Amino acid sequence: VFGKSEQQLDEFIKEVSSNKMDPSNGLKSLLHDPQFVDMATKQCSNILRQVLNERKSDSIEIESYLYRLHKADPGFTFKIAVAEDGCRCGYVWMTAVQRRSFELFGGCVLLDAMKRQQNSLHWPYFGPVVLNEEKKVEVVAEAILCREAIDAYHFLMEAIFEMCPKRKRD
């Protein structure tokens, strides 16, 4: 269905997560294949979890990875939460597919935070969802934020609306 081998996707993910992504390498042609890039960007949460699990939690590495994903696929967008003291306190990201789901079905967004075993820092993972026309759940963004609090939910929704300017606030 996808048209690319699992080995090619694995190579791409290893390249991106190892902080060695270079546009002049052999994967350059894959980066221009929208289907491949969309599938690869869907792996964002998995790779971020890998980075956190490997104790490479430095915000510079995470942000570098997010910028490389955006460069590879301009449809992939993200926002960084910054605390009053200037420290990074969270990340929100959205793929082009998630953006389209929010544009179409974002009249009612369901929010909750949950902690997962993959989240070694124990930051709440947010996966806001909508119901599509077939009453099936679609994730419209993903986030890892420092805590589950009103201001975190506020930041999350503001970030989603900023990343999806076509969706009007109802």
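Note that the structure is predicted; figures quoted are calculated from it, not measured.
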To the nearest 0.5 Å, what is the distance between [atom1] ([X]) and [atom2] ([Y])?
X: Glu138; Y: Leu131; atom1: CD; atom2: CG; value: 9.0 Å
X: Lys135; Y: Phe105; atom1: NZ; atom2: CZ; value: 11.0 Å
X: Thr95; Y: Asp73; atom1: OG1; atom2: CG; value: 8.0 Å
X: Arg100; Y: Met94; atom1: CZ; atom2: CE; value: 12.5 Å

Hydrophobic cluster identity match, [X] and [Y], side-chain contacts under 4.5 Å:
X: Val137; Y: Val97; result: no
X: Tyr67; Y: Ile144; result: yes
X: Val130; Y: Leu110; result: no

Quiz prompt | Any donor-acceptor N or O pair under 3.5 Å, side chains Arg68, Ser64 | solution =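 Yes, side-chain donor-acceptor contact under 3.5 Å.
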Looking only at heavy atoms, which two atoms of [X] and [Y] are closest? And how far apart?
X: Tyr91; Y: Leu66; answer: CD2-CD1, 3.7 Å
X: Ala141; Y: Val92; answer: CB-CG1, 4.5 Å
X: Ala152; Y: Leu145; answer: O-CD1, 3.7 Å
X: Leu111; Y: Leu156; answer: CD2-CD2, 3.7 Å
X: Pro128; Y: Val109; answer: CB-CG1, 3.8 Å

Exercise. List the steps and the verdict of side-chain contact (heavy atoms from CB on, under 4.5 Å) for Thr77 and Arg99.
Key: CA-CA 9 Å; Thr77 55; Arg99 182 174 300 99; 2.5 Å; yes
Practice problem: Mind jotting down which residue pairs meet the ring pair (Phe, Tyr, Trp, His ring centres under 6.0 Å) criterion with at least one end in residues 131-159? Sequence neighbours excluded, please. | Solution: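 Passing the test, one end in residues 131-159: Phe126-Tyr153.
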Quiz item: Ignoring hydrogens and geometry, is there a side-chain-to-backbone donor-acceptor pair from His70 to Phe76 under 3.5 Å?
Solution: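 Judged by distance alone, yes, a pair lies under 3.5 Å.
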Quiz item: Short question: side chain of Arg88, backbone of Ile80 - any donor-acceptor pair under 3.5 Å?
Solution: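 No, Arg88 side chain to Ile80 backbone: no donor-acceptor pair under 3.5 Å.
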Let me have the donor-acceptor pairs involving side chains of residues 159-166, under 3.5 Å, with sequence neighbours excluded, atom names and distances please.
residue, atom, partner, partner atom, Å
Glu162, OE1, Lys79, NZ, 3.2

Exercise. Not counting sequence neighbours, which residues clear salt bridge (Lys or Arg N to Asp or Glu O under 4.0 Å) with Arg167? List them please.
Key: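 Expected list: Asp170.
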